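Throughout, a chain's letter reflects where its sequence line sits, starting with A, and its residues are numbered from 1. What you see is a predicted model, and the numbers here were worked out from it, not measured in a lab.
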2 protein chains.
Amino acid sequence: MSSGKTAAPTMDDIATEAGVSQMTVSRVMRGAGKTSDDVRVRVEKAARKLGYVQNKLASALREETTSLVAVVLPTLKNRVFSEVLNGLNETLISKRILPVFGVSEYSLQREEEIVRELLAWRPRGIVLPGLEHTDATRAAIRASGVRVAEVMDIDGTPMSAAFGISQEAAGRATARYMLEKGYRRFGYIGSQGGRDLRAVKRFSGFCAVVREAGAQMVLNRVITGPSSMVEGRRAMAEVLARSDAPEALYFSNDDLAAGGIMHCLSNGIDIPGQVALAGFNGLSFLEALPIRLTTIETPRLEMGRRAALSVTSSATAQDGSQEPVVADLGFRLVPGDSC
Amino acid sequence: MSSGKTAAPTMDDIATEAGVSQMTVSRVMRGAGKTSDDVRVRVEKAARKLGYVQNKLASALREETTSLVAVVLPTLKNRVFSEVLNGLNETLISKRILPVFGVSEYSLQREEEIVRELLAWRPRGIVLPGLEHTDATRAAIRASGVRVAEVMDIDGTPMSAAFGISQEAAGRATARYMLEKGYRRFGYIGSQGGRDLRAVKRFSGFCAVVREAGAQMVLNRVITGPSSMVEGRRAMAEVLARSDAPEALYFSNDDLAAGGIMHCLSNGIDIPGQVALAGFNGLSFLEALPIRLTTIETPRLEMGRRAALSVTSSATAQDGSQEPVVADLGFRLVPGDSC
DNA sequence: CTGTTAGCGCCTTCAT
DNA sequence: ATGAAGGCGCTAACAG
């Protein structure tokens, strides 16, 4: 039984089959140059017959540019990044560009290794989370000459273009809202052991406003692992068990905060009477909860889309020593019933 | 100002800089063959100085194998697939393999296009969701000779290796459990307009058991879009507003079911007194809810891990015309308070 | 231990 | 409208 498990067919194979030169096959495949109808039909038929699939390794090597975009995500355990990835993918695929990706697990060191790995594929562009990177990461990207976009955050100086929101301002806006509602004794519940630098910025914005107002932060509880409703519920239980529990809690994101709400629902604790809560992200599932969480809505899909366009469009001048572009995509404080 | 924005340095550049031949650079970089300490040090220094990054397009073309694995996901809007992706990525990155991916949006036609696009990169393997694919998809994969793994489902014949659970059996197990609890009039709430073939299999298993028991399905509500808590809550409200509402509802997944729970919590509807619910997936956030949902726990990370190993390890014989491998990773019905 | 030669599959350039 | 030559950057195979 002569299995067809030989090497994949090349343009040469098709050329032979169709009785033309390999170059003509190349032209037909790309729809480039002029080809007679007769030849085109024969080539297409031969290609279909042999099950030809272009070898992008070869074409990319020759053309010195790929249809790949590198994407680094801090984690896959948080749906926020799935949403950014979704925005990226949507836009990329419409241009027939594929995403290659890596996960940094919120470690800049890990990010550096992953960036190196990704750059080896000579992607057309690279998308990074946040504005903080090691010098080596920046150097490698600069040296490679690929286009860069940084997403999520705009508090800092982008390498080239940033698409996000001011995390610090989001923290401040939340604090102002809670202060207006009359709360004075605040607590914070965070995750990722402080490695999530965007969360740290929100926290510091929040604290600054609280301090300026003469109110106080009486508690700071940051769990080690990733955020989740379960961890949020657990942390809430611990915090409320203390004799000096704060009157209002700022959670580093909606998942943790929703867990806090669940603890209260299960234990007959009145929100916001006994304790007030606020989150961050504006995830859509909040709309399904019995108590609406006050949160900050962020344009995550849009961050992905804009970043994809940025690293992909030829129009913009990322080439020269242009000024970095900072696109503030804006957030919106969504008042709920939780504070 | 002579900007360094020239082409990325090649091994030739390093060779010149270090005063050796390009081949020696290649050897040092790969740690292959014997090289004197002196030469190695010089080459490494030169490489660092010039910011050298390997060009995998060239090495892969030459070696006729890449360190890329192609991954197709039905959607990024459901965290179940982020988890599978996480398992895949974890395992791949430990072997310095990068995932390239595409999203099919639950369309087999779309999947076919994406597979073609992915195969052009000559990945070492490809991971597909489910066992249903177009003939053209199967043919393209077979012709390319890449290793395949199919995840999530084992009800059918895999191309080569499947890592999942019996979706049909999961549906049947849920029905048996609910029947044991005494419910007789059932309803179903699904999503993705029936394009999620795994959900369809669960539903048909569920229905079969209900029918065999002489009980009945009195309602079948499948929404068009993706599943979400919000949609689940909305559907629950609609269903309970009917005069002929069922006593027990089977949801195609936990997100929808959790939305149903939220509707009941908000409206003082007793679970399971007035209505019973069951879900599917066993997402961890269920543990945070005030009412525990009866659901089926599935090993999603493990599916990703096993699939990654399968397409990646040289040991297994995917090459020949071996029998397909079916790995039933098993599910577990987790009894809750909801039925 | 190090260098030379050849070629992976494709596309650019230059003929015809 | 089609073909021939050459090379993208790398590594296998063979010399020395």
Mapping B/Pro9 and A/Gly19 onto DNA chain D by nearest heavy atom, which one lands closer to the 5' end?
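Taking each residue's closest nucleotide, the earlier one in sequence belongs to A/Gly19.
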
Could a donor-acceptor pair under 3.5 angstrom be found where the side chain of B/Arg27 meets the base of C/dG3?
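Indeed there is one.
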
Can you find a donor-acceptor pair, distance only, under 3.5 Å between A/Arg62 side chain and C/dC11 base?
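For A/Arg62, whose side chain was compared with the base of C/dC11, there is a donor-acceptor pair (under 3.5 Å).
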
N/O donor-acceptor pair under 3.5 Å between A/Thr16 side chain and A/Asp12 backbone
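Yes, the answer is positive, given that a donor and an acceptor are paired below the 3.5 Å cut-off.
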
If only atom types and distance count, is the side chain of B/Arg42 paired as donor or acceptor with the main-chain N or O of B/Ala18 below 3.5 Å?
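Checking the backbone N and O of B/Ala18 against the side chain of B/Arg42, a donor-acceptor pair under 3.5 Å is found.
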
Can you check whether [X] has a side-chain N or O nearer than 4.0 Å to OP1 or OP2 of [N]?
{"X": "B/Ser59", "N": "D/dC10", "value": "no"}
{"X": "A/Gln22", "N": "D/dT2", "value": "no"}
{"X": "A/Ser36", "N": "D/dA1", "value": "no"}
{"X": "B/Ser26", "N": "D/dT11", "value": "yes"}
{"X": "B/Tyr52", "N": "D/dG9", "value": "no"}
{"X": "B/Thr35", "N": "C/dC1", "value": "no"}

The helix from C/dC1-D/dG16 to C/dT16-D/dA1: angle between end helix axes, five pairs per end, rounded to 10 degrees
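About 40°, once rounded to a multiple of 10°.
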
Using the side-chain heavy atoms of B/Thr24, tell me which of these nucleotides is nearest: C/dC1, D/dT11, C/dT2.
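Taking heavy atoms from C-beta onward, the closest nucleotide is C/dT2.
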
Looking only at the side chain of A/Met23 (C-beta and beyond, no hydrogens), which of the listed nucleotides D/dA12, D/dG9, C/dT12 gets closest?
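Nearest nucleotide to the side chain: C/dT12.
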
Spacing between [X] atom [atom1] and [N] atom [atom2], to the nearest angstrom:
{"X": "A/Met29", "N": "C/dT12", "atom1": "CE", "atom2": "C1'", "result": "19 Å"}
{"X": "A/Leu50", "N": "C/dG9", "atom1": "CG", "atom2": "P", "result": "14 Å"}
{"X": "B/Glu63", "N": "C/dG7", "atom1": "CD", "atom2": "P", "result": "18 Å"}
{"X": "A/Leu57", "N": "D/dC10", "atom1": "CG", "atom2": "C1'", "result": "12 Å"}
{"X": "A/Asp13", "N": "C/dG9", "atom1": "CG", "atom2": "C1'", "result": "11 Å"}
{"X": "B/Asp38", "N": "C/dC1", "atom1": "CG", "atom2": "C1'", "result": "12 Å"}

Would you kindly compare B/Val20 and B/Glu64 by the position of their nearest DNA chain C nucleotide and give the one closer to the 5′ end?
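Residue closer to the 5' terminus by nearest nucleotide: B/Val20.
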
On DNA chain C, nearest-nucleotide positions of A/Leu61 versus B/Lys34: which is more 5'?
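Nearest nucleotide further toward 5': that of B/Lys34.
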
Shortest non-hydrogen contact from B/Ala307 to B/Val151?
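Result for this residue pair: CB-CG1, 3.4 Å.
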
Would you mind reporting whether [Y] and [X] have side-chain heavy atoms less than 4.5 Å apart?
{"X": "B/Thr91", "Y": "B/Thr312", "answer": "no"}
{"X": "B/Thr157", "Y": "B/Leu131", "answer": "no"}
{"X": "B/Glu111", "Y": "B/Thr134", "answer": "no"}

Verify whether one side chain among A/Thr66 and A/Arg122 offers a donor that lies under 3.5 Å from an acceptor in the other.
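Note: A/Thr66 and A/Arg122 side chains miss the donor-acceptor criterion.
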
Got a second to check how far A/Glu17's CD is from A/Leu50's CG, nearest 0.5 Å?
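These two atoms lie 5.0 Å from each other.
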
Which part of the nucleic acid, if any, lies within reach of B/Met11 when heavy atoms closer than 4.0 Å are counted: base, sugar-phosphate only, or nothing?
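Sugar-phosphate: the residue B/Met11, judged by heavy atoms under 4.0 Å, touches backbone atoms but no base.
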
